[in-house]
Amino acid sequence: MSLDGQNVLNEYKSLIRSRAVAWDAYIRYQLVADTDVKKIKAIDKVPKEKRVGIVENDAQGYAQLVLSDQGVLRKSASGNKVDLVQYMLMWTGDLLDDVPSFANALLALPKPFELLLSLLEGAADQTIPLLSAAILTTLISTSLSSCPKISAELKDALPKFYHYLSTVTKSADQDQQDLAIKSYVALLRTPFARETFWDMKEETVAPLAKTLETAAGGTGNPGGSDRMSSLTGTAAIVQGGVPLQLLYHVLLVVWQLTFDETVAEEINAKFDLIPPITDILRNSIKEKITRVALAILTNLAFKAPQANLPPLLVTNILPYLQTLSSRFNTESDPDLTQDLATLIATLDGFQSEQTTLSSYRIEVMSGHLRWSPPHRNEGFWKKYAREIIEDKELVNQLARVLGNSADKTVLAVACNDVGVLVREVPYVRKRWVDLGVKGRVMELMGDTDPEVRYEALKAVQGFLQTAFSG
């Protein structure tokens, strides 16, 4: 893999440029008019300043040459001339890079997205969808930012383009993933784009959440960084098996989304993003990763504190943030320092408001149980066991965590808590039976993890000791 998906796209474009184009043959096949070829050659191999001037003076003519009903790209696509389609896509992309105003000329045509969207699917050559997607990214992002009213064509095109990009983010090719996610970054600059993206969250956000889990240590190199050799011999820095450039772009997408209050309120409940993002922050070796991860957490805490402060507290990120704050100052990095100060003050204030019981409740409701002090504190259970049992939501969540989690520490802690609660409040043991908890802890006595087996055995002993209660 390369360090950046853009490198791959540039390599494809360089290869296409190096090939001779059989213009005379295409003229004979009536795929290209002689006047079209003259317009194309007029800006080929000329200084950029001259090229820009020519195109700006005839922007509409060049736009029609590409995307009109009689345009070269449409004719070559209809005639299945792959090499000419490739050339025209490369050529159009170069024009958009050199002459940004050319995007407005293309957008002024009827149905400017239709042909390019059709080229995303079913192409035998992988370069055609990639080049088409690059052009669409520029056109759609320009349309989103420049038009106060969203057109019907844009409303139709954006979900279709998101759907295509979401399929690419699930591919095994991390360079292509990076290209797709960079397109997201370019598109998600307006409320409408973010709203549409979030409406398609099962397609769009779910693959990004999986990438963050991987980077946090779900697979690959757990919680750490390493180097991976690319096909070209370049060493790419990775975190948890994810190239840092790809990880950075994924985090940028999440950061953009969290400016929307609805997203900030719902995203962690839906995708459990706070634990992996805090792990990524702790293990970050690049300041830009630190910066954007911190900005996400700040947005979540500020935009939706009720939803996000409890799970943030459970991650125990506050001590790390306090340590991190000593590395920066307002003169060297005012933005990062401000985010840190805001997040530390908010979390510290929230933590100071919590009792031991409320902290325990927050942990259980988050689903991320760890061996925090209450679990093995006999005094805690003596004082609060009955109050915990009376909290039906809390008891049901503990049962769900025990039934659904695959995390061995979570299972061990949950077994411990169930065993203590059964012994402390024996008259409600039937509720545990009805919730399937007794059967689950019996099942976990055969788990592969020794700590889970031990805690499950203790819980089963609790059920046996209170067999004639409740």
Kindly indicate whether the side chain of L247, heavy atoms from C-beta on, has any atom under 4.5 Å from the side chain of L212. yes

Looking at side-chain heavy atoms only, is the closest gap between F161 and L120 below 4.5 Å? yes

Flag for Q176-Q126: side-chain donor and acceptor within less than 3.5 Å: yes

Between the side chains of K210 and E213, is the shortest nitrogen-to-carboxylate-oxygen separation below 4.0 Å, so that they form an ion pair? no

Look only at the side chain of T92 and the backbone of M88, and say whether a donor-acceptor pair between them is shorter than 3.5 Å. yes

Can K160 and D156 be counted as an ion pair, charged N to O under 4.0 angstrom? yes

Run through K408, R440, R453 and flag the one making a salt bridge (Lys or Arg N to Asp or Glu O under 4.0 Å) with D447. K408

Cationic N near anionic O, under 4.0 Å, K111 to E153: no

Using a strict threshold of under 4.0 Å (side-chain N to carboxylate O), is an ion pair present between K13 and D97? yes

Side-chain donor or acceptor of S141 paired with backbone N/O of T138 under 3.5 Å: yes

Check K170 against E203 and note the closest heavy-atom contact, atom names and distance. CE-O, 4.1 Å

May I ask you to decide if T298's main-chain N or O and D339's side chain share a donor-acceptor pair within less than 3.5 Å? no

Indicate the ring-plane relationship of H375 and W381, choosing parallel, tilted or perpendicular according to the 30° and 60° boundaries. tilted

Evaluate the criterion side chain to side chain donor-acceptor pair (under 3.5 Å) for residue pair T355 and S358; output intermediate values, then yes/no. CA-CA 5 Å; T355 64; S358 64; 3.2 Å; yes

Which heavy atom in A459 sits nearest to a heavy atom in C415, and how many Å separate them? CB-O, 3.6 Å

dist K303:NZ -> T262:OG1 (nearest 0.5 Å) comes out at 10.5 Å

Spacing of OG belonging to S183 relative to CG belonging to L136, to within rounding of 0.5 Å: 9.0 Å

For the residue pair S325 and I344, establish whether any side-chain heavy-atom pair is separated by less than 4.5 Å. yes

Spacing of L294 atom CG and T337 atom OG1 [to the nearest 0.5 Å]: 9.5 Å

What orientation do Y384 and F380 show, parallel under 30°, tilted 30 to 60°, or perpendicular over 60°? tilted

Would you call D434 and R429 a salt bridge, using N to O less than 4.0 angstrom? no

Minimum heavy-atom distance V395-I388, with the two atoms named: CG2-O, 3.5 Å

Could you give me the CA-CA distance, side-chain angles and deciding distance for R282 and N316, then say whether side-chain contact (heavy atoms from CB on, under 4.5 Å) is met? CA-CA 11 Å; R282 283 189 180 99; N316 197 33; 4.3 Å; yes

Side chains of R431 and I389, heavy atoms from C-beta outward: is any pair under 4.5 Å? yes

